[in-house]
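Fair warning: this is a prediction, and the values are worked out from it, not measured in the lab. Whatever order the structure lists them in is the order used to number ligands and atoms, beginning at 1.
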Amino acid sequence: MLTNAAVPFRVEKARVDEEMIRAALQSEDAHPRDIADALAESKARKVSHRNPGNLVLGCDQVLEFEGRVLAKPESLEDAREQLTAMRGKRHRLLSAAVIYEDAEPIWRHVGVVRMQLRSISDDYLEDYLARNWQSARQSVGAYKLEEEGVRLFERVEGDYFTVLGMPLLEILSFLTVRGDLKS
Ligand SMILES: Nc1nc2c(ncn2[C@@H]2O[C@H](COP(=O)(O)OP(=O)(O)OP(=O)(O)O)[C@@H](O)[C@H]2O)c(=O)[nH]1
């Protein structure tokens, strides 16, 4: 997404224990928004300590369905189960972004999108997974909106980029206002 926007960046793995952070927050009944924000912040903070003088962007996305935060389906069977449970209903994608500079948080945003799944048939679901599992397995909802996953939806209320994984427009606005990006 940043490459397509001609924004120069390099990727550095944060290597934080996301499962531990997520489990700890879920045990305290944290709100999905706070879970996404905490995960994004943990990555940005860790990488920022190693990169003084740089802006560090940490991101994370969670899927909320009927009050639960779902993790990425591990197998095609998990994806079938998850999409079967969610069809005909609404779920939310929450994409958090946190920017650090010199080990201090200087900006944060959580984008929220409401997704209304069609009541897809078992037949179509099987066809969809057979065609798309290898790609869709990278996504928390087992779909990619920019691919065939769009056919699963009746309505998408919110920002396209937030579905893809980060609140890109808000990130670009912040960097532009600060003068890091020309406009
Ligand atoms: N391309 C695309 N990616 C999507 C879509 N929906 C969700 N995702 C991706 O699904 C991922 C959310 O799953 P996560 O469990 O956070 O996995 P991850 O981001 O691969 O890795 P970590 O967050 O570092 O664990 C995000 O990276 C999103 O970019 C979509 O419609 N299109």
Can you name the atoms of ligand 1, numbered from 1 with element, that are less than 4.0 Å from a heavy atom of G165?
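Per the distance check, 28 (C), 29 (O).
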In terms of atom number and element, which parts of ligand 1 are under 4.0 angstrom from non-hydrogen atoms of L145?
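It comes down to these atoms of ligand 1: 30 (C), 31 (O), 32 (N).
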So which heavy atom in the protein is nearest [atom], and how far is it from that ligand atom?
{"atom": "atom 14 (P) of ligand 1", "result": "K72 CE, 3.9 Å"}
{"atom": "atom 23 (O) of ligand 1", "result": "D60 OD1, 2.8 Å"}
{"atom": "atom 6 (N) of ligand 1", "result": "V163 O, 3.1 Å"}
{"atom": "atom 29 (O) of ligand 1", "result": "L164 O, 2.6 Å"}
{"atom": "atom 25 (O) of ligand 1", "result": "E18 OE2, 3.0 Å"}

Between K43 and E41 (salt bridge meaning N to carboxylate O under 4.0 Å), is one present in this structure?
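Salt bridge between K43 and E41, a charged N being under 4.0 Å from a carboxylate O: no.
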Can R137 and E74 be counted as an ion pair, charged N to O under 4.0 angstrom?
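No salt bridge links R137 with E74.
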is_close_aromatic(H91, Y143), centroid dist under 6.0 Å:
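Judged by ring-centre distance (under 6.0 Å), H91 and Y143 do meet the cut-off.
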For atom 26 (C) of ligand 1, which of Q138, E146, Q61 has the closest heavy atom?
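Answer by nearest heavy atom: Q61.
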Protein heavy atoms near atom 19 (O) of ligand 1, is at least one of them under 4.0 angstrom away?
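It does not: no protein heavy atom is found less than 4.0 Å away from atom 19 (O) of ligand 1.
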Just wondering, are more than 12 heavy atoms of other shown residues or ligands nearer than 6.0 Å to CD in E81?
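Count not over threshold, so no.
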